[in-house]
*Asks:* 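I am attaching a structure below and will ask some questions about it afterwards.
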Amino acid sequence: GENVGLHLPTLSVQEGDNSIINCAYSNSASDYFIWYKQESGKGPQFIIDIRSNMDKRQGQRVTVLLNKTVKHLSLQIAATQPGDSAVYFCAEVNSGYALNFGKGTSLLVTP
Amino acid sequence: GAVVSQHPSRVICKSGTSVKIECRSLDFQATTMFWYRQFPKQSLMLMATSNEGSKATYEQGVEKDKFLINHASLTLSTLTVTSAHPEDSSFYICSASARMNTEAFFGQGTRLTVV
């Protein structure tokens with residue numbers, strides 16, 4: 001059968017509040033990072049990316065912060081909506097192409 | 001954005017049979033595609049890197065004779081799960097990038113159930 005493994009950490013927020021999802025990465029040489037959103041039964045969907053020469057990047061309702069000193073990424077979602085409920089993964093790019101994914105965080109938005 | 005199409009989205013097969021999953025980049029050429037496996041409530045695990053015109057590179061612990069990868073063209077990679085067993089049941093996802101250090105686009109995933 002399939003591995004059970006550890007359950008994903010869950011962040012529960014109320015609709016309209018801001019969400020902050022954190023991620024630690026492993027390779028200090030990684031120079032490109034991506035946040036993905038994955039809804040149940042679907043493939044990951046690109047949200048926002050950031051390169052290592054930046055420490056902050058903003059998109060529509062989302063902001064990514066990069067702290068290379070402690071190898072930490074965060075994704076901030078403003079005015080969280082029910083449609084934001086999903087699992088969020090950070091990914092670091094190795095060797096130019098391959099993605100190493102973080103463990104993921106399940107975001108649950110309650111009305 | 002770019003589109004990666006994966007087919008089929010769901011497949012149920014009998015133990016011992018083989019299943020082929022296709023991954024196509026619809027509007028860009030992908031010299032490299034990637035295959036991932038995902039168990040429930042877990043992250044994506046890279047299985048192999050598929051290179052057009054050459055052999056795939058498999059991650060440690062992934063059986064290359066079990067998971068056959070063919071990247072025959074710049075827009076198509078296939079993953080064949082050979083002699084499938086119930087423990088192969090999982091969600092398989094492909095991705096492709098047009099260029100190095102740019103976003104990877106993912107297929108919709110394939111839910112494989114081996115009975």
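Lettering follows sequence order; numbering is per chain, from 1. Excluded from the calculations below are hydrogen atoms, water molecules and symmetry mates; all remaining heavy atoms, backbone and side chain alike, are included.
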*Asks:* Determine whether more than 12 heavy atoms belonging to other residues, nucleotides or ligands lie under 6.0 Å from atom NE2 of B/His7.
*Replies:*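 Atom NE2 in B/His7 is not crowded, with 12 or fewer foreign heavy atoms closer than 6.0 Å.
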*Asks:* What about B/Val11 and B/Trp35, same hydrophobic cluster or not, with Ile/Leu/Val/Met/Phe/Trp/Tyr joined at side-chain heavy-atom distances under 4.5 Å?
*Replies:*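 The answer is yes; both residues are in one hydrophobic cluster.
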*Asks:* Which region of B/Arg10, side chain (C-beta onward) or backbone (N, CA, C, O), has a non-hydrogen atom less than 4.5 Å from a non-hydrogen atom of chain A, or is it both or neither?
*Replies:*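 Contact with chain A involves no heavy atom of B/Arg10 at all.
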*Asks:* Non-hydrogen contacts under 4.5 angstrom with chain B: give the residues of residues 23-57 of chain A involved, or none if there are none.
*Replies:*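 Those residues of residues 23-57 of chain A which have a heavy atom under 4.5 Å from chain B are A/Asp31, A/Tyr32, A/Ile34, A/Tyr36, A/Gln38, A/Gly41, A/Lys42, A/Gly43, A/Pro44, A/Phe46, A/Arg51.
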*Asks:* Between B/Ser43 and A/Gly102, is there a donor-acceptor pair closer than 3.5 Å when you use the side chain of the first and the backbone of the second?
*Replies:*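 Pair found, side chain donor or acceptor close to backbone of A/Gly102.
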*Asks:* Near B/Lys55 NZ, under 6.0 Å, is it more than 12 heavy atoms from other residues, nucleotides or ligands?
*Replies:*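 Atom NZ in B/Lys55 is not crowded, with 12 or fewer foreign heavy atoms closer than 6.0 Å.
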*Asks:* For B/Thr31, is it the side chain, the backbone, both or neither that has a heavy atom under 4.5 Å from a heavy atom of chain A?
*Replies:*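 Interface part for B/Thr31: side chain.
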*Asks:* What part of B/Leu44 is in contact with chain A, defined as an atom under 4.5 angstrom from a non-hydrogen atom: side chain, backbone, both or neither?
*Replies:*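 Both parts, heavy atoms under 4.5 Å.
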*Asks:* For this output row, return yes or no: ring centroids of A/Phe89 and B/Phe106 closer than 6.0 angstrom.
*Replies:*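 Aromatic pair excluded; centres sit 6.0 Å or further apart.
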*Asks:* Kindly work out whether a path of hydrophobic side-chain contacts (I/L/V/M/F/W/Y, heavy atoms less than 4.5 Å apart) joins B/Tyr36 to B/Met33.
*Replies:*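 Different hydrophobic clusters.
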*Asks:* If you group Ile, Leu, Val, Met, Phe, Trp and Tyr by side-chain heavy-atom gaps below 4.5 Å, do A/Leu75 and A/Phe101 land in one group?
*Replies:*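 Result: no, two separate clusters.
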*Asks:* Please say whether more than 12 non-hydrogen atoms of neighbouring residues, nucleotides or ligands are located less than 6.0 Å from CZ in B/Arg99.
*Replies:*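 Atom CZ in B/Arg99 is not crowded, with 12 or fewer foreign heavy atoms closer than 6.0 Å.
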*Asks:* Are more than 12 heavy atoms from other residues, nucleotides or ligands located less than 6.0 Å from atom CD1 of B/Ile12?
*Replies:*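 No, CD1 of B/Ile12 has 12 or fewer neighbouring heavy atoms, counting only those of other groups under 6.0 Å.
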*Asks:* Do B/Ile21 and B/Val62 land in one hydrophobic cluster if side-chain heavy atoms of ILVMFWY residues count as linked below 4.5 Å?
*Replies:*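 Yes, because B/Ile21 and B/Val62 connect within a single hydrophobic cluster, where side-chain heavy atoms sit under 4.5 Å apart.
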*Asks:* Side-chain heavy atoms under 4.5 angstrom apart, residues restricted to Ile, Leu, Val, Met, Phe, Trp, Tyr: same cluster for A/Leu66 and A/Ile21?
*Replies:*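 Same cluster.
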*Asks:* Once rounded to the nearest 0.5 Å, what's the spacing between atom CG of B/Leu46 and atom CG of A/Asn100?
*Replies:*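 The CG atom of A/Asn100 is 7.0 Å from CG of B/Leu46, to the nearest 0.5 Å.
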*Asks:* Taking side chain as everything from C-beta outward and backbone as N, CA, C, O, which of these in A/Val93 sits under 4.5 Å from a heavy atom of chain B? Side chain, backbone, both or neither.
*Replies:*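 For A/Val93, the contact with chain B is made by the side chain alone.
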